[in-house]
Amino acid sequence: MSDNNQMTEAPELHELRDTLSGVAVPGRPRLETITARGRAHRRRRLSAVAGLSVAGAAAGTVLALGLTGVLGPARTPGTIRTASFTLVSNSDGTATLTINPKELLDPAALQSDLTQYGIRAKVTSGSFCSSSPAPAGFSQVVSFHPAAPGTQTPQSGVQLTITIDPAAMPAGAELSVGYFRLPSGEQQADVVLIDSNSNTCTSTPPDPNGPPTGYNQSDSLGLLYGGPGPAGS
Amino acid sequence: VGHDETGFAEFFQASWDPCLRAVAASTGDMLLAEDQVAEAFARAWASWRKVSRHPAPRAWVVRTALNAGASWWRRRARELPLADHDVAASGSSGTGLDTAVLTALRRLPARQREVIVLRVFLDLDIETTARQLEIAPGTVRAHLSRAVTALRNELARADTTEADPCQTTIR
(Lines give C-alpha, C1' and ligand atoms only; values in the text may rest on other atoms or scores of the structure.)
Protein backbone atom coordinates (compact mmCIF):
# COMPACT_ATOMS: atom_id res chain seq x y z
CA MET A 1 0.00 0.00 0.00
CA SER A 2 2.74 2.42 0.96
CA ASP A 3 4.48 1.35 -2.23
CA ASN A 4 1.49 2.34 -4.28
CA ASN A 5 1.03 5.61 -2.51
CA GLN A 6 4.68 6.54 -2.73
CA MET A 7 4.61 5.98 -6.45
CA THR A 8 1.48 8.00 -7.11
CA GLU A 9 2.82 10.79 -4.87
CA ALA A 10 5.69 11.34 -7.31
CA PRO A 11 5.74 15.06 -8.20
CA GLU A 12 5.61 14.27 -11.91
CA LEU A 13 2.34 12.42 -11.44
CA HIS A 14 0.98 15.25 -9.34
CA GLU A 15 1.85 17.61 -12.14
CA LEU A 16 0.13 15.32 -14.62
CA ARG A 17 -3.01 15.24 -12.51
CA ASP A 18 -3.04 19.01 -12.08
CA THR A 19 -2.43 19.59 -15.75
CA LEU A 20 -5.17 17.19 -16.69
CA SER A 21 -7.71 19.06 -14.64
CA GLY A 22 -6.78 22.21 -16.58
CA VAL A 23 -7.44 20.63 -19.95
CA ALA A 24 -10.39 22.39 -21.55
CA VAL A 25 -12.99 20.02 -22.92
CA PRO A 26 -15.77 20.87 -25.33
CA GLY A 27 -19.37 20.43 -24.21
CA ARG A 28 -20.89 17.00 -23.85
CA PRO A 29 -22.78 15.74 -26.85
CA ARG A 30 -26.50 15.21 -26.38
CA LEU A 31 -27.39 11.97 -24.69
CA GLU A 32 -29.76 11.16 -27.57
CA THR A 33 -26.86 11.29 -30.03
CA ILE A 34 -24.97 8.72 -28.00
CA THR A 35 -27.93 6.44 -27.47
CA ALA A 36 -28.83 6.57 -31.17
CA ARG A 37 -25.32 5.46 -31.98
CA GLY A 38 -25.57 2.80 -29.30
CA ARG A 39 -28.86 1.57 -30.73
CA ALA A 40 -27.19 1.06 -34.10
CA HIS A 41 -24.56 -1.06 -32.39
CA ARG A 42 -27.19 -3.13 -30.63
CA ARG A 43 -29.14 -3.64 -33.86
CA ARG A 44 -26.02 -4.77 -35.63
CA ARG A 45 -25.10 -7.10 -32.83
CA LEU A 46 -28.58 -8.56 -32.53
CA SER A 47 -28.74 -9.08 -36.27
CA ALA A 48 -25.43 -10.87 -36.19
CA VAL A 49 -26.61 -13.12 -33.38
CA ALA A 50 -29.88 -13.78 -35.19
CA GLY A 51 -27.98 -14.56 -38.36
CA LEU A 52 -25.84 -17.08 -36.53
CA SER A 53 -28.74 -18.82 -34.88
CA VAL A 54 -30.88 -19.19 -37.98
CA ALA A 55 -30.23 -22.58 -39.42
CA GLY A 56 -29.97 -22.96 -43.15
CA ALA A 57 -28.98 -20.66 -45.94
CA ALA A 58 -32.56 -20.02 -47.05
CA ALA A 59 -33.61 -18.71 -43.66
CA GLY A 60 -30.48 -16.59 -43.56
CA THR A 61 -31.26 -15.08 -46.92
CA VAL A 62 -34.81 -14.28 -45.90
CA LEU A 63 -33.52 -12.53 -42.79
CA ALA A 64 -30.98 -10.55 -44.77
CA LEU A 65 -33.56 -9.45 -47.29
CA GLY A 66 -36.05 -8.65 -44.56
CA LEU A 67 -33.60 -6.39 -42.79
CA THR A 68 -32.09 -4.61 -45.71
CA GLY A 69 -34.90 -4.55 -48.21
CA VAL A 70 -33.29 -3.26 -51.34
CA LEU A 71 -30.10 -5.14 -51.76
CA GLY A 72 -29.35 -6.29 -55.27
CA PRO A 73 -29.39 -9.90 -56.36
CA ALA A 74 -25.59 -9.94 -56.56
CA ARG A 75 -25.38 -10.20 -52.78
CA THR A 76 -24.47 -13.64 -51.62
CA PRO A 77 -23.69 -14.28 -47.98
CA GLY A 78 -20.23 -15.64 -47.53
CA THR A 79 -16.61 -14.87 -46.94
CA ILE A 80 -13.89 -13.89 -49.36
CA ARG A 81 -10.38 -14.37 -48.11
CA THR A 82 -7.30 -12.97 -49.78
CA ALA A 83 -3.81 -12.52 -48.36
CA SER A 84 -4.32 -8.81 -47.75
CA PHE A 85 -7.96 -8.71 -46.65
CA THR A 86 -11.01 -10.70 -45.67
CA LEU A 87 -14.48 -9.59 -46.66
CA VAL A 88 -17.45 -11.11 -44.87
CA SER A 89 -21.02 -10.59 -46.00
CA ASN A 90 -23.14 -10.30 -42.86
CA SER A 91 -26.74 -11.38 -42.57
CA ASP A 92 -27.85 -7.83 -41.75
CA GLY A 93 -26.75 -6.62 -45.16
CA THR A 94 -23.49 -5.12 -44.01
CA ALA A 95 -20.08 -6.36 -45.02
CA THR A 96 -17.06 -6.55 -42.74
CA LEU A 97 -13.67 -5.85 -44.21
CA THR A 98 -10.57 -6.86 -42.27
CA ILE A 99 -7.27 -5.62 -43.59
CA ASN A 100 -4.08 -7.55 -42.97
CA PRO A 101 -1.45 -4.85 -42.50
CA LYS A 102 1.40 -7.25 -43.13
CA GLU A 103 0.43 -7.75 -46.76
CA LEU A 104 0.26 -5.37 -49.69
CA LEU A 105 -3.34 -4.57 -50.50
CA ASP A 106 -4.70 -5.80 -53.82
CA PRO A 107 -6.92 -2.88 -54.91
CA ALA A 108 -8.35 -4.61 -57.98
CA ALA A 109 -9.46 -7.62 -55.95
CA LEU A 110 -10.95 -5.36 -53.29
CA GLN A 111 -12.89 -3.41 -55.91
CA SER A 112 -14.45 -6.51 -57.47
CA ASP A 113 -15.16 -8.17 -54.13
CA LEU A 114 -16.90 -5.10 -52.74
CA THR A 115 -19.01 -4.95 -55.88
CA GLN A 116 -19.89 -8.61 -55.46
CA TYR A 117 -21.28 -7.78 -52.03
CA GLY A 118 -23.39 -4.93 -53.33
CA ILE A 119 -21.08 -2.12 -52.26
CA ARG A 120 -20.57 0.62 -54.81
CA ALA A 121 -16.90 1.51 -54.57
CA LYS A 122 -14.07 3.01 -56.53
CA VAL A 123 -10.81 1.51 -55.35
CA THR A 124 -7.83 3.26 -56.92
CA SER A 125 -4.17 2.49 -56.61
CA GLY A 126 -1.76 5.42 -56.67
CA SER A 127 -4.57 7.95 -56.73
CA PHE A 128 -7.30 9.26 -54.50
CA CYS A 129 -10.73 10.42 -55.68
CA SER A 130 -12.83 12.94 -53.80
CA SER A 131 -15.91 15.10 -54.28
CA SER A 132 -16.70 18.64 -53.33
CA PRO A 133 -19.02 18.92 -51.57
CA ALA A 134 -18.58 15.58 -49.89
CA PRO A 135 -21.75 13.46 -49.72
CA ALA A 136 -23.12 13.25 -46.18
CA GLY A 137 -23.60 10.08 -44.19
CA PHE A 138 -20.12 8.58 -44.06
CA SER A 139 -20.44 7.54 -40.42
CA GLN A 140 -23.67 5.68 -41.20
CA VAL A 141 -22.01 3.78 -44.03
CA VAL A 142 -18.64 3.00 -42.46
CA SER A 143 -17.90 2.01 -38.87
CA PHE A 144 -14.72 0.73 -37.34
CA HIS A 145 -14.21 -2.16 -34.98
CA PRO A 146 -11.87 -1.64 -32.06
CA ALA A 147 -10.64 -4.57 -30.04
CA ALA A 148 -13.14 -5.45 -27.33
CA PRO A 149 -12.17 -4.21 -23.89
CA GLY A 150 -10.47 -6.78 -21.79
CA THR A 151 -8.99 -8.62 -24.70
CA GLN A 152 -5.35 -8.48 -25.65
CA THR A 153 -4.46 -5.94 -28.26
CA PRO A 154 -1.60 -7.37 -30.27
CA GLN A 155 1.48 -5.19 -30.26
CA SER A 156 2.10 -5.89 -33.91
CA GLY A 157 0.09 -7.26 -36.78
CA VAL A 158 -2.99 -5.39 -35.61
CA GLN A 159 -5.86 -5.91 -37.99
CA LEU A 160 -8.34 -3.22 -38.74
CA THR A 161 -11.96 -4.19 -39.16
CA ILE A 162 -14.35 -1.95 -41.01
CA THR A 163 -18.06 -2.57 -41.38
CA ILE A 164 -19.74 -1.14 -44.45
CA ASP A 165 -23.48 -0.76 -44.70
CA PRO A 166 -24.44 -0.44 -48.38
CA ALA A 167 -28.09 0.22 -47.46
CA ALA A 168 -26.98 3.46 -45.76
CA MET A 169 -25.15 4.67 -48.85
CA PRO A 170 -26.76 7.87 -50.15
CA ALA A 171 -28.21 7.67 -53.66
CA GLY A 172 -25.67 8.62 -56.28
CA ALA A 173 -22.76 8.13 -53.92
CA GLU A 174 -20.08 5.48 -53.69
CA LEU A 175 -17.10 4.69 -51.52
CA SER A 176 -13.73 5.93 -52.65
CA VAL A 177 -10.75 3.95 -51.43
CA GLY A 178 -7.47 5.54 -52.44
CA TYR A 179 -4.51 3.28 -51.90
CA PHE A 180 -0.86 4.30 -51.93
CA ARG A 181 2.40 2.52 -51.39
CA LEU A 182 4.56 5.22 -49.81
CA PRO A 183 8.29 5.65 -50.41
CA SER A 184 8.82 4.76 -46.74
CA GLY A 185 7.41 1.32 -47.49
CA GLU A 186 4.24 2.07 -45.55
CA GLN A 187 0.81 1.71 -47.04
CA GLN A 188 -1.80 4.42 -46.92
CA ALA A 189 -5.49 4.02 -47.67
CA ASP A 190 -8.06 6.77 -47.41
CA VAL A 191 -11.77 6.02 -47.45
CA VAL A 192 -14.44 8.65 -48.12
CA LEU A 193 -17.80 8.93 -49.84
CA ILE A 194 -17.86 10.50 -53.28
CA ASP A 195 -20.50 11.60 -55.73
CA SER A 196 -20.43 8.97 -58.50
CA ASN A 197 -21.04 11.57 -61.17
CA SER A 198 -18.85 14.32 -59.86
CA ASN A 199 -15.44 13.52 -58.46
CA THR A 200 -11.83 14.24 -59.22
CA CYS A 201 -8.78 12.09 -58.66
CA THR A 202 -5.26 13.09 -57.75
CA SER A 203 -2.06 11.11 -57.58
CA THR A 204 -0.98 12.93 -54.42
CA PRO A 205 -1.77 10.97 -51.26
CA PRO A 206 -3.85 12.94 -48.73
CA ASP A 207 -1.93 14.29 -45.76
CA PRO A 208 -1.91 11.41 -43.25
CA ASN A 209 -2.09 13.90 -40.37
CA GLY A 210 -5.66 14.90 -41.06
CA PRO A 211 -8.72 14.32 -43.18
CA PRO A 212 -8.42 14.76 -46.95
CA THR A 213 -9.03 18.26 -48.26
CA GLY A 214 -12.73 19.08 -48.29
CA TYR A 215 -13.61 16.38 -45.77
CA ASN A 216 -14.07 16.46 -42.00
CA GLN A 217 -12.48 14.04 -39.58
CA SER A 218 -15.82 12.29 -39.19
CA ASP A 219 -16.31 12.01 -42.97
CA SER A 220 -13.19 10.02 -43.66
CA LEU A 221 -11.09 7.11 -42.57
CA GLY A 222 -7.34 7.26 -43.03
CA LEU A 223 -5.09 4.28 -42.61
CA LEU A 224 -1.34 4.26 -42.42
CA TYR A 225 0.14 0.90 -41.82
CA GLY A 226 2.81 -1.63 -42.54
CA GLY A 227 6.19 -0.26 -43.39
CA PRO A 228 9.78 -1.20 -42.85
CA GLY A 229 10.40 -3.68 -40.10
CA PRO A 230 10.96 -7.35 -39.49
CA ALA A 231 7.56 -8.32 -40.81
CA GLY A 232 6.80 -5.15 -42.70
CA SER A 233 7.90 -5.61 -46.25
CA VAL B 1 -35.63 -4.41 -22.36
CA GLY B 2 -34.34 -3.94 -18.87
CA HIS B 3 -32.10 -1.23 -20.19
CA ASP B 4 -31.36 1.16 -17.36
CA GLU B 5 -31.59 4.47 -19.21
CA THR B 6 -31.38 6.56 -16.05
CA GLY B 7 -28.30 4.77 -14.83
CA PHE B 8 -26.58 5.27 -18.13
CA ALA B 9 -27.58 8.94 -18.34
CA GLU B 10 -26.09 9.60 -14.91
CA PHE B 11 -22.93 7.74 -15.77
CA PHE B 12 -22.63 9.62 -19.06
CA GLN B 13 -23.11 13.01 -17.41
CA ALA B 14 -20.64 12.33 -14.64
CA SER B 15 -18.02 10.57 -16.73
CA TRP B 16 -17.88 12.36 -20.08
CA ASP B 17 -15.41 15.06 -19.02
CA PRO B 18 -12.94 12.87 -17.12
CA CYS B 19 -12.98 10.22 -19.83
CA LEU B 20 -12.51 12.76 -22.59
CA ARG B 21 -9.68 14.47 -20.70
CA ALA B 22 -7.92 11.15 -20.15
CA VAL B 23 -8.19 10.10 -23.78
CA ALA B 24 -7.29 13.53 -25.16
CA ALA B 25 -4.28 13.78 -22.86
CA SER B 26 -3.13 10.39 -24.03
CA THR B 27 -3.63 11.01 -27.74
CA GLY B 28 -2.93 14.74 -27.93
CA ASP B 29 -5.87 15.36 -30.21
CA MET B 30 -9.10 16.70 -28.76
CA LEU B 31 -11.18 16.31 -31.93
CA LEU B 32 -10.17 12.73 -32.39
CA ALA B 33 -10.62 12.00 -28.69
CA GLU B 34 -14.13 13.43 -28.80
CA ASP B 35 -15.09 11.05 -31.55
CA GLN B 36 -13.41 8.08 -29.87
CA VAL B 37 -15.05 8.77 -26.53
CA ALA B 38 -18.47 9.29 -28.11
CA GLU B 39 -18.08 5.95 -29.84
CA ALA B 40 -17.01 4.31 -26.59
CA PHE B 41 -20.04 5.70 -24.74
CA ALA B 42 -22.31 4.48 -27.54
CA ARG B 43 -20.83 1.03 -27.11
CA ALA B 44 -21.23 1.33 -23.35
CA TRP B 45 -24.91 2.14 -23.87
CA ALA B 46 -25.29 -0.85 -26.18
CA SER B 47 -23.74 -3.13 -23.55
CA TRP B 48 -24.91 -1.21 -20.51
CA ARG B 49 -26.09 -4.26 -18.63
CA LYS B 50 -22.55 -5.59 -18.71
CA VAL B 51 -20.72 -2.27 -18.41
CA SER B 52 -22.81 -1.09 -15.44
CA ARG B 53 -21.59 -4.11 -13.51
CA HIS B 54 -18.01 -3.60 -14.57
CA PRO B 55 -15.68 -2.85 -11.62
CA ALA B 56 -14.51 0.36 -13.34
CA PRO B 57 -16.94 1.52 -16.04
CA ARG B 58 -14.92 4.66 -16.77
CA ALA B 59 -11.89 2.52 -17.42
CA TRP B 60 -14.01 0.44 -19.78
CA VAL B 61 -14.94 3.56 -21.72
CA VAL B 62 -11.42 4.93 -21.82
CA ARG B 63 -9.92 1.64 -22.90
CA THR B 64 -12.58 1.19 -25.55
CA ALA B 65 -11.87 4.68 -26.82
CA LEU B 66 -8.13 4.15 -26.84
CA ASN B 67 -8.50 0.79 -28.50
CA ALA B 68 -10.57 2.23 -31.33
CA GLY B 69 -8.79 0.52 -34.16
CA ALA B 70 -9.16 3.02 -36.93
CA SER B 71 -8.28 5.93 -34.76
CA TRP B 72 -5.19 4.12 -33.64
CA TRP B 73 -4.01 3.97 -37.21
CA ARG B 74 -4.72 7.61 -37.80
CA ARG B 75 -3.17 8.55 -34.50
CA ARG B 76 -0.02 6.73 -35.32
CA ALA B 77 0.47 9.03 -38.25
CA ARG B 78 -0.09 11.98 -35.94
CA GLU B 79 2.39 10.82 -33.39
CA LEU B 80 5.29 10.40 -35.77
CA PRO B 81 6.27 14.07 -35.89
CA LEU B 82 6.15 14.30 -32.13
CA ALA B 83 9.02 11.90 -31.82
CA ASP B 84 11.40 14.33 -33.51
CA HIS B 85 9.96 17.77 -32.95
CA ASP B 86 8.12 19.56 -30.24
CA VAL B 87 5.16 20.09 -32.49
CA ALA B 88 1.76 19.63 -30.96
CA ALA B 89 -0.63 17.37 -32.85
CA SER B 90 -3.50 19.07 -34.61
CA GLY B 91 -6.52 19.69 -32.45
CA SER B 92 -4.44 20.40 -29.34
CA SER B 93 -4.04 24.15 -29.51
CA GLY B 94 -5.96 26.10 -26.91
CA THR B 95 -7.07 23.00 -25.04
CA GLY B 96 -4.12 22.77 -22.68
CA LEU B 97 -2.93 19.53 -24.22
CA ASP B 98 0.40 20.89 -25.35
CA THR B 99 1.99 21.38 -21.95
CA ALA B 100 5.43 19.91 -21.34
CA VAL B 101 4.17 17.22 -19.01
CA LEU B 102 1.43 16.00 -21.36
CA THR B 103 3.81 16.07 -24.31
CA ALA B 104 6.17 13.98 -22.20
CA LEU B 105 3.31 11.61 -21.36
CA ARG B 106 2.64 11.03 -25.04
CA ARG B 107 6.25 10.07 -25.59
CA LEU B 108 5.95 7.17 -23.18
CA PRO B 109 5.52 3.65 -24.55
CA ALA B 110 1.85 2.74 -25.01
CA ARG B 111 1.69 0.39 -22.03
CA GLN B 112 3.21 2.91 -19.61
CA ARG B 113 0.78 5.51 -20.87
CA GLU B 114 -2.16 3.15 -20.32
CA VAL B 115 -1.02 2.53 -16.77
CA ILE B 116 -0.82 6.28 -16.14
CA VAL B 117 -4.27 6.83 -17.61
CA LEU B 118 -5.90 4.17 -15.47
CA ARG B 119 -3.89 4.52 -12.29
CA VAL B 120 -3.36 8.28 -12.20
CA PHE B 121 -6.08 9.84 -14.32
CA LEU B 122 -8.89 7.47 -13.39
CA ASP B 123 -7.51 6.80 -9.93
CA LEU B 124 -7.87 3.03 -10.08
CA ASP B 125 -5.91 1.04 -7.55
CA ILE B 126 -3.02 -1.17 -8.62
CA GLU B 127 -5.05 -4.37 -8.56
CA THR B 128 -7.92 -2.98 -10.65
CA THR B 129 -5.46 -1.42 -13.08
CA ALA B 130 -3.73 -4.77 -13.39
CA ARG B 131 -7.02 -6.56 -14.04
CA GLN B 132 -8.01 -4.03 -16.68
CA LEU B 133 -4.75 -4.46 -18.52
CA GLU B 134 -4.59 -8.21 -17.87
CA ILE B 135 -1.14 -7.95 -16.39
CA ALA B 136 0.26 -8.67 -12.93
CA PRO B 137 0.11 -5.98 -10.23
CA GLY B 138 3.90 -6.09 -10.05
CA THR B 139 4.06 -5.28 -13.74
CA VAL B 140 1.78 -2.28 -13.18
CA ARG B 141 4.17 -1.04 -10.50
CA ALA B 142 7.13 -1.57 -12.79
CA HIS B 143 5.47 0.34 -15.65
CA LEU B 144 4.52 3.14 -13.31
CA SER B 145 8.03 3.38 -11.93
CA ARG B 146 9.55 3.46 -15.42
CA ALA B 147 6.99 6.01 -16.52
CA VAL B 148 7.86 8.31 -13.62
CA THR B 149 11.57 8.05 -14.41
CA ALA B 150 10.95 8.74 -18.09
CA LEU B 151 8.69 11.71 -17.30
CA ARG B 152 11.30 13.09 -14.92
CA ASN B 153 14.00 12.86 -17.56
CA GLU B 154 11.80 14.37 -20.25
CA LEU B 155 10.80 17.28 -18.05
CA ALA B 156 14.40 17.88 -16.99
CA ARG B 157 15.40 17.92 -20.64
CA ALA B 158 12.60 20.34 -21.47
CA ASP B 159 13.72 22.61 -18.62
CA THR B 160 17.32 22.62 -19.82
CA THR B 161 16.30 23.48 -23.36
CA GLU B 162 14.07 26.27 -22.12
CA ALA B 163 16.76 27.66 -19.85
CA ASP B 164 19.32 27.74 -22.61
CA PRO B 165 17.62 28.82 -25.80
CA CYS B 166 20.98 29.20 -27.59
CA GLN B 167 21.34 25.48 -27.43
CA THR B 168 18.82 25.08 -30.22
CA THR B 169 20.23 27.77 -32.47
CA ILE B 170 23.90 26.69 -32.49
CA ARG B 171 24.65 24.53 -35.50
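Just so we're on the same page: letters track the sequence lines, and every chain starts at 1. Here the structure is a predicted model, which means the values were calculated and not measured.
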**Student:** With a 4.5 angstrom heavy-atom cut-off, is it the side chain or the backbone of B:Ala40 that approaches chain A, or both, or neither?
**Tutor:** neither
**Student:** Residues two or more places apart in sequence or in another chain: which of them pass ring pair (Phe, Tyr, Trp, His ring centres under 6.0 Å) with B:Phe11?
**Tutor:** B:Phe41, B:Trp48
**Student:** Once salt bridge (Lys or Arg N to Asp or Glu O under 4.0 Å) is applied, do any residues pair with A:Arg30, and if so which ones, sequence neighbours excluded?
**Tutor:** A:Glu32
**Student:** Which bit of A:Ser21 comes within less than 4.5 Å of chain B, counting heavy atoms only: side chain, backbone, both or neither?
**Tutor:** backbone
**Student:** Sort B:Ala24 into side chain, backbone, both or neither according to what part of it lies under 4.5 angstrom from a heavy atom of chain A.
**Tutor:** neither
**Student:** When you look at A:Val23 and B:Leu97, which way does the side-chain contact (heavy atoms from CB on, under 4.5 Å) test go after all the steps?
**Tutor:** CA-CA 6 Å; A:Val23 168; B:Leu97 291 173; 3.8 Å; yes
**Student:** Between B:Leu151 and A:Leu13, is any pair of side-chain heavy atoms under 4.5 Å apart?
**Tutor:** yes
